[in-house]
Number of protein chains: 2
Amino acid sequence: MDSLALAATASTPDGNPARRRILDFATERAHRLGVDGITIGTLAADLGMSKSGLFAHFGSKVALQAAIVSHATDEFLRKVAEPALSQPRGRSRLNTLLDAWLRYAEQPGGCFFLGACAELDGRSGAIRDQVGEFAEWWLGVLQEEIEAAVSQGELAPDVSPPELAFELHAFVMQANAGFQMFGDPAWLAHARKAIARRLNGVLPPAATVE
Amino acid sequence: MDSLALAATASTPDGNPARRRILDFATERAHRLGVDGITIGTLAADLGMSKSGLFAHFGSKVALQAAIVSHATDEFLRKVAEPALSQPRGRSRLNTLLDAWLRYAEQPGGCFFLGACAELDGRSGAIRDQVGEFAEWWLGVLQEEIEAAVSQGELAPDVSPPELAFELHAFVMQANAGFQMFGDPAWLAHARKAIARRLNGVLPPAATVE
DNA sequence: CCTACCGATCGGTAGG
DNA sequence: CCTACCGATCGGTAGG
């Protein structure tokens with residue numbers, strides 16, 4: 001299965017320009033203050049429009065939050081998933097994904113979903129589930145590419161895809177957290193080095209040239 | 001330097017029982033809803049006391065938040081740091097710390113500071129700085145034990161303590177995030193396996209028995 | 001998209 | 001620790 005291509009091609013960006021402008025602004029704010037940190041009133045004021053004018057686009061706060069998460073999903077697909085679609089499956093695509101993800105995490109606010117997962121994991125409701133489904137999808141994507149790499153002989157046959165996906169995901173998550181908290185690009189360098197070392201340690205027997 | 005012992009012995013738990021009861025309750029809530037997700041009104045109501053009665057203990061909301069972070073620090077020291085103090089420095093203490101940290105992350109809400117870091121990293125102010133200082137201290141502790149292990153010949157001399165600390169921290173963080181979001185203990189098992197594999201890969205030359 | 005408004009809740013204060 | 005209160009803001013509605 002190619003979960004990456006499935007999701008990336010299904011992405012339909014917002015057609016309504018006013019709605020889009022609101023969501024661009026609101027998603028940036030949710031990035032910084034959390035999905036639950038936005039309020040309709042201050043959002044409207046900072047966008048120079050009335051509260052009810054903004055409200056009319058969504059109908060409820062939770063619907064606005066759902067739209068923000070969808071908007072962030074589109075952004076993730078565009079910035080992280082799409083650049084990797086042109087790569088052959090397996091190690092090439094995996095490396096491209098991890099690289100694009102790290103560059104996305106390097107932006108102000110970092111990776112939207114790493115923040116949203118930490119914010120919402122202890123709660124319940126539609127927004128939490130929406131973010132959880134994204135996280136599950138994304139881990140599945142990484143795992144699929146590892147599986148492809150193994151079956152294509154690019155990685156050692158005894159590699160455990162869930163475990164390797166766990167570790168690679170961990171490195172990017174840690175880079176995101178550290179860089180956002182301390183602002184030091186060394187965190188990104190650590191992740192790149194850790195990813196390279198981990199993947200070099202599971203090259204297939206034939207390719208293990210010493 | 002022994003940053004762990006320094007912090008653990010400096011910990012002075014709260015003497016005021018009423019204040020302590022409030023902070024126990026408030027810290028659990030901040031754990032789940034975020035440090036910025038608590039409000040004085042609902043907190044007081046759920047504790048069965050008046051808003052101003054609770055307020056009088058702290059003087060301001062930000063002071064309450066600071067007290068919550070301090071309370072969470074005490075809890076972390078008690079649950080994670082203290083059990084490792086009796087262990088000899090180096091690999092023993094490092095392993096004990098990682099094990100205690102994982103057990104702490106397994107509790108409802110997970111690790112308070114991993115959540116708080118993700119929540120506050122994009123902001124500014126005293127609370128964010130307080131959490132950031134804790135994160136810096138904790139990473140320093142892990143790094144110090146790695147350094148001790150290297151200098152005692154328990155780990156290979158070419159190990160980079162910052163990079164190894166980054167990776168071990170990443171594994172626990174990922175276990176915390178995954179377990180809190182999905183509730184599957186496999187996330188903890190992945191982390192334990194990843195930590196063991198990583199440390200086994202950097203045994204000193206003499207101990208590398210094949 | 002707007003003005004005008006609703007009841008509820010926010011952090012905080014006065015006074016005891 | 002309490003009651004009573006402050007102005008501001010919350011999500012949401014009525015009516016246009």
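Chain A is the first sequence line, chain B the second, and so forth, proteins listed ahead of strands; every chain is numbered from 1.
A:A66 meets the side-chain contact (heavy atoms from CB on, under 4.5 Å) test with A:I127, A:Q130; sequence neighbours excluded.
In this structure, A:L47 atom CG and C:dC1 atom C1' are separated by 14 Å, rounded to whole Å.
Within a 6.0 Å sphere centred on NZ of A:K61, other residues, nucleotides and ligands contribute more than 12 heavy atoms.
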Legend entry - Structure string for DNA chain D in dot-bracket form, Watson-Crick and G-U at under 3.5 Å, | interchain: ||||||||||||||||
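Looking only at distances, no side-chain donor or acceptor of A:E167 sits under 3.5 Å from a matching main-chain atom of B:A194.
Identified under the ring-ring contact (aromatic ring centres under 6.0 Å, His included) test for residues 55-75 of chain A, with sequence neighbours left out: none.
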Inset, instruction - For each nucleotide in nucleotides 2-16 of chain C, reading 5' to 3', give B when a protein heavy atom comes within less than 4.0 Å of its base, S when such contact involves only the sugar-phosphate, and - otherwise. - result: BB------SBBB---
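B:R93 has a carboxylate O that lies under 4.0 Å from a charged side-chain N of B:D2, or vice versa, which qualifies the two as a salt bridge.
Here A:W101 and A:Y104 keep their ring centres 6.0 angstrom or further from each other.
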Enumerate donor-acceptor pairs with a distance under 3.5 Å from any side-chain N or O in residues 107-119 of chain B to protein atoms, sequence neighbours excluded.
residue: B:Q107; atom: OE1; partner: B:K79; partner atom: NZ; Å: 3.0
residue: B:E119; atom: OE1; partner: B:V35; partner atom: N; Å: 2.8
residue: B:E119; atom: OE2; partner: B:V35; partner atom: N; Å: 3.2
residue: B:E119; atom: OE2; partner: B:D36; partner atom: N; Å: 2.8

Taking only distance into account, with no hydrogens and no angle test, what donor-acceptor pairs under 3.5 Å do side-chain atoms of residues 47-54 of chain A form with protein atoms, sequence neighbours excluded?
residue: A:S50; atom: OG; partner: A:G53; partner atom: N; Å: 3.0

